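A quick write-up on the structure given underneath.
From a predicted model like this one, the values you see are computed outputs, not experimental measurements. Side-chain atoms are counted along with the backbone in the values below, which use heavy atoms only and exclude waters and symmetry mates. Chain letters run A, B, ... following the sequence lines, proteins first and then strands; every chain starts at 1.
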Amino acid sequence: MGELTELHEQRLTKLAAIVDRGIDPYPVRFTDKQDITALRREAFGESDDLTPPENAAAVATAGRVVAIRDMGKAQFLQIQDQNGRIQIYASNKTLNDNDYFVLTHLDLGDIVGVKGRPFRTKTGEPSLHAESLTMLSKNLQPLPVVKEKDGETYDGISDIEMRYRQRYIDLAVNPDARATFLLRSAILRTIREFLHAQNFIEVETPMLQAVASGAAARPFKTHHNALDIELYMRIAPELYLKRLIVGGYEKVFEMNRNFRNEGISTKHNPEFTMIEIYQAYADYETMMRLTEDIFEHLALKLIGSTELPYGKHVISLKKPWKRIGYLESIREMSGLDFEKFLTEENPPVAEAKKMAAAIGLKAENLNTFWEVVDLAFSEKVEPNLVQPTMVTHFPKAISPLAKSIPGNPHLVERFEPYITGREMGNAFSELNDPLEQERRFNEQAAQKAEGAGETMETDTDFVTALKVGMPPTGGLGIGIDRLVMLFANKSSIKDVILFPLLRPQK
RNA sequence: GAGAAGCUAGCUCAGUCGGUAGAGCAACUCCCUUUUAAGGAGUGGGUCCCGGGUUCGAUUCCCGGGCUUCUCACCA
């Protein structure tokens with residue numbers, strides 16, 4: 001390492017002084033810690049309106065020192081644990097010599113254990129009168145200081161790069177960051193509980209796959225040494241989960257990471273969390289209701305209301321949500337009527353491009369009718385779907401795993417929920433006809449051969465599985481990170497992923 | 001992958017029309033035993049992101065590079 005900063009050196013000096021005195025600055029354990037919020041509530045009342053008796057029993061707690069107000073022989077500290085803060089009053093009157101030595105060698109960022117009586121200061125601040133003070137972990141890397149008054153914070157950290165690269169600092173210093181990831185945890189737990197209550201089972205399927213299918217995306221490639229084979233990080237668990245339905249499980253879900261070797265943006269991280277849910281003897285209508293149920297349940301359980309503030313909007317998650325057909329939504333919001341071509345076996349590309357160009361869409365480089373339609377959808381419809389909306393009946397051409405609408409050659413039983421202009425999920429009545437599935441895979445391969453971008457890889461064992469027989473099944477995928485963004489009112493996916501991918505620093 | 005913006009003390013930020021830089025907080029020394037953005041007196045702290053060029057002299061101007069953010073493209 002290079003030269004130490006002055007601050008770091010000063011801390012090492014203090015550390016040495018503590019060690020010289022025979023005090024362990026990193027002791028093995030402190031096992032009596034009580035939760036600060038809980039002990040505050042117990043001593044000072046539910047609404048902070050009680051004053052503990054003169055001889056209140058001492059309590060033990062611990063946390064990071066986030067403020068020091070040195071009054072000479074006495075000091076006021078604020079310590080912070082996962083959920084809250086409390087003030088400590090400590091002086092040489094009640095501390096023994098070693099503990100007082102620790103007090104006078106304290107730095108912001110140290111983690112200390114305290115035993116003390118609850119009391120109120122003259123100004124009424126709930127406090128602990130320290131009877132002992134134990135160094136639990138000496139801080140050598142100074143933390144940014146956050147001062148607060150009347151809800152306003154001063155300084156703190158706003159360097160976004162530091163918040164992502166050194167999330168531990170962000171969490172230690174920024175209450176909003178801690179709250180966001182507690183919320184994320186609560187969301188995951190609530191979804192699991194909700195599904196378990198309906199007799200879904202949680203399963204785990206391979207992350208390392210010989211064929212990366214189930215979605216159209218570029219995979220990460222890796223290599224297994226002992227077998228000497230190429231493997232891919234999964235881009236979706238879909239085809240494995242449906243194998244489980246073939247096997248006889250009727251309600252399964254998997255909530256875990258997917259990996260896609262694509263760009264990074266405020267909506268995209270190369271590894272992201274999806275939940276996929278499959279229910280036998282159900283269809284996409286069932287999954288639509290399940291989607292509404294999950295979102296509404298989360299809102300009521302976690303926010304206490306179906307009305308959710310997001311940016312300058314208030315999102316109403318109250319079911320039922322608005323439903324609109326894919327082509328219908330395009331007609332409504334762009335004026336382009338593609339539905340009139342549905343009777344034709346091969347809808348005309350040239351005509352579609354002309355229509356798109358007429359309203360200013362850049363469709364000249366597109367090759368197929370449905371690509372033009374999808375462009376119109378993403379340009380003219382998606383951004384406008386702020387309130388929860390189920391877009392239904394997607395084109396078969398871009399849905400190789402979904403079941404056709406009976407009698408309709410072009411559309412499938414598929415829907416995508418949209419909120420705040422973002423796609424929150426994807427669901428359909430699962431294609432269970434093995435021969436049809438084989439044809440769809442072949443069509444994907446053909447499109448790829450013609451130079452299409454990403455297409456879905458053929459998984460021949462999955463076709464075999466379908467030949468064994470899969471009951472009619474509804475499937476649903478929800479992007480968990482985006483869902484957390486919605487509930488946490490965040491506009492960047494990096495704010496809801498603890499350690500988002502960044503380019504390594506050299 | 002493209003464009004725009006940013007990078008200065010531990011943190012948040014000023015600033016230098018080219019003469020090697022400041023503030024607040026944090027830190028250090030001293031005073032203060034119920035303070036709370038505690039207060040008072042004093043002190044220290046910087047490869048101004050990196051490399052090259054122009055120049056007597058570059059943190060500042062030019063060129064190249066790095067990282068981040070935002071927008072766009074691919075995607076969920």
Side-chain angles (χ1 to χ4, degrees), chain A residues 2-11 13-14 66-78 85-95 100 103 107-109 119-127 129 139-165 169 173-174 215-219 235-236 258-276 362 365 374 378 382 416-418 422-426 453-454 477-483 485 491-494 500 502-506:
Chain A
E3 286 174 37
L4 296 175
T5 65
E6 185 193 29
L7 283 170
H8 197 176
E9 244 174 295
Q10 286 166 355
R11 302 244 161 151
T13 305
K14 280 192 193 175
V66 292
I68 299 174
R69 293 185 279 274
D70 187 349
M71 302 291 297
K73 301 273 188 306
Q75 297 191 27
F76 291 93
L77 316 174
Q78 283 228 320
R85 291 183 173 192
I86 193 164
Q87 174 169 275
I88 308 297
Y89 177 73
S91 74
N92 62 353
K93 244 181 178 171
T94 48
L95 293 183
Y100 186 68
L103 180 68
D107 285 303
L108 290 172
F119 79 112
R120 272 186 202 279
T121 61
K122 278 179 187 166
T123 54
E125 178 78 18
S127 309
H129 197 134
N139 169 286
L140 299 178
Q141 180 78 39
L143 284 173
V145 179
V146 182
K147 298 203 173 189
E148 236 181 297
K149 188 180 187 178
D150 302 331
E152 252 190 287
T153 53
Y154 301 78
D155 294 327
I157 60 166
S158 64
D159 181 349
I160 296 172
E161 186 173 353
M162 179 162 74
R163 292 189 43 221
Y164 297 154
R165 277 193 205 280
I169 293 176
V173 155
N174 185 351
R218 275 154 63 192
I235 56 175
N258 287 345
F259 306 86
R260 298 190 184 175
N261 204 339
E262 287 158 356
I264 296 174
S265 78
T266 50
K267 300 181 194 66
H268 303 265
N269 194 62
E271 52 179 308
F272 64 101
T273 300
M274 278 269 282
I275 184 168
E276 289 202 7
K362 291 183 180 153
N365 295 325
D374 209 47
S378 42
E382 270 194 55
E416 290 187 347
Y418 281 84
R422 294 194 193 105
E423 182 188 340
M424 303 297 292
N426 184 19
E454 288 311 314
I478 297 172
I480 294 296
D481 309 283
R482 290 182 181 179
L483 185 152
M485 286 167 68
S491 56
S492 171
I493 200 168
K494 290 193 177 80
L502 300 181
R503 203 181 281 271
Q505 276 174 319
K506 51 172 182 145

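Looking at heavy-atom distances under 4.0 Å, Glu423(A) makes contact with sugar-phosphate atoms alone, never a base. In this structure, Ile160(A) reaches the sugar-phosphate backbone alone: every heavy-atom distance under 4.0 Å involves primed, P, OP1 or OP2 atoms, never a base. Across all strands shown, Asn269(A) has heavy atoms under 4.0 Å from base atoms, whether or not it also approaches the sugar-phosphate. When heavy atoms are screened at a 4.0 angstrom cut-off, Gly263(A) is found touching base atoms of the nucleic acid. Here Gln87(A) lies in heavy-atom contact (under 4.0 Å) with a base. Looking at heavy-atom distances under 4.0 Å, Asp159(A) makes contact with sugar-phosphate atoms alone, never a base. Here Asp70(A) lies in heavy-atom contact (under 4.0 Å) with a base. Residue contacts shown for Tyr164(A) are limited to sugar-phosphate atoms, with no base heavy atom under 4.0 Å away. Backbone-only contact: Lys14(A) has heavy atoms under 4.0 Å from sugar-phosphate atoms and none from a base.
Counting atom types as modelled, Tyr89(A) pairs no side-chain N or O with a base atom of rU35(B) as donor and acceptor under 3.5 Å. Checked by distance alone, Ser158(A) brings no side-chain donor or acceptor within 3.5 Å of a matching partner on the base of rU12(B).
Listed nucleotides rG44(B), rU35(B), rU69(B) differ in distance to Glu6(A); the shortest reach to its side chain belongs to rG44(B). Closest approach to the Val145(A) side chain among rC74(B), rC25(B), rU33(B) is made by rC25(B) (side chain taken as heavy atoms from C-beta onward). Of the listed nucleotides (rU68(B), rC28(B), rA76(B)), rU68(B) has the atom at the smallest distance from the side chain of Leu502(A). Distance from the side chain of Arg165(A) is smallest for rC67(B) among the nucleotides rA76(B), rU34(B), rC67(B). Ranking rC67(B), rG45(B), rU36(B) by closeness to the Thr121(A) side chain, first place goes to rU36(B). The Arg503(A) side chain lies nearest to rU68(B) when the options are rC11(B), rU34(B), rU68(B). The side chain of Ser492(A) approaches rC70(B) more closely than any other nucleotide in the set rC70(B), rU33(B), rU69(B).
With rounding to whole Å, His8(A) atom NE2 is found 16 Å from rG45(B) atom C1'. For the pair Leu143(A) CG and rC25(B) C1', the interatomic distance rounds to 14 Å; values are reported in whole Å. Atom-to-atom, NZ of Lys267(A) to P of rC70(B) comes out at 10 Å; the value is rounded to the nearest Å. To the nearest angstrom, P of rC32(B) lies 5 Å from NZ of Lys73(A).
Under 4.0 angstrom from either OP1 or OP2 of rA26(B) there lies at least one side-chain N or O belonging to Lys147(A).
Among residues two or more places apart in sequence or in another chain, the side chain to side chain contact (heavy atoms under 4.5 Å, CB included) test is passed with Arg69(A) by Ala67(A), Phe76(A), Gln78(A), Gln87(A). A search for side chain to side chain contact (heavy atoms under 4.5 Å, CB included) contacts involving Met485(A) returns Arg422(A), Arg482(A), Ile493(A), Val496(A), not counting sequence neighbours.
Using a 4.5 Å cut-off on side-chain heavy atoms (C-beta onward), Val66(A) and Leu143(A) make no contact.
The base-pairing partner of rC70(B), taking Watson-Crick or G-U wobble contacts with both distances under 3.5 Å, is rG3(B).
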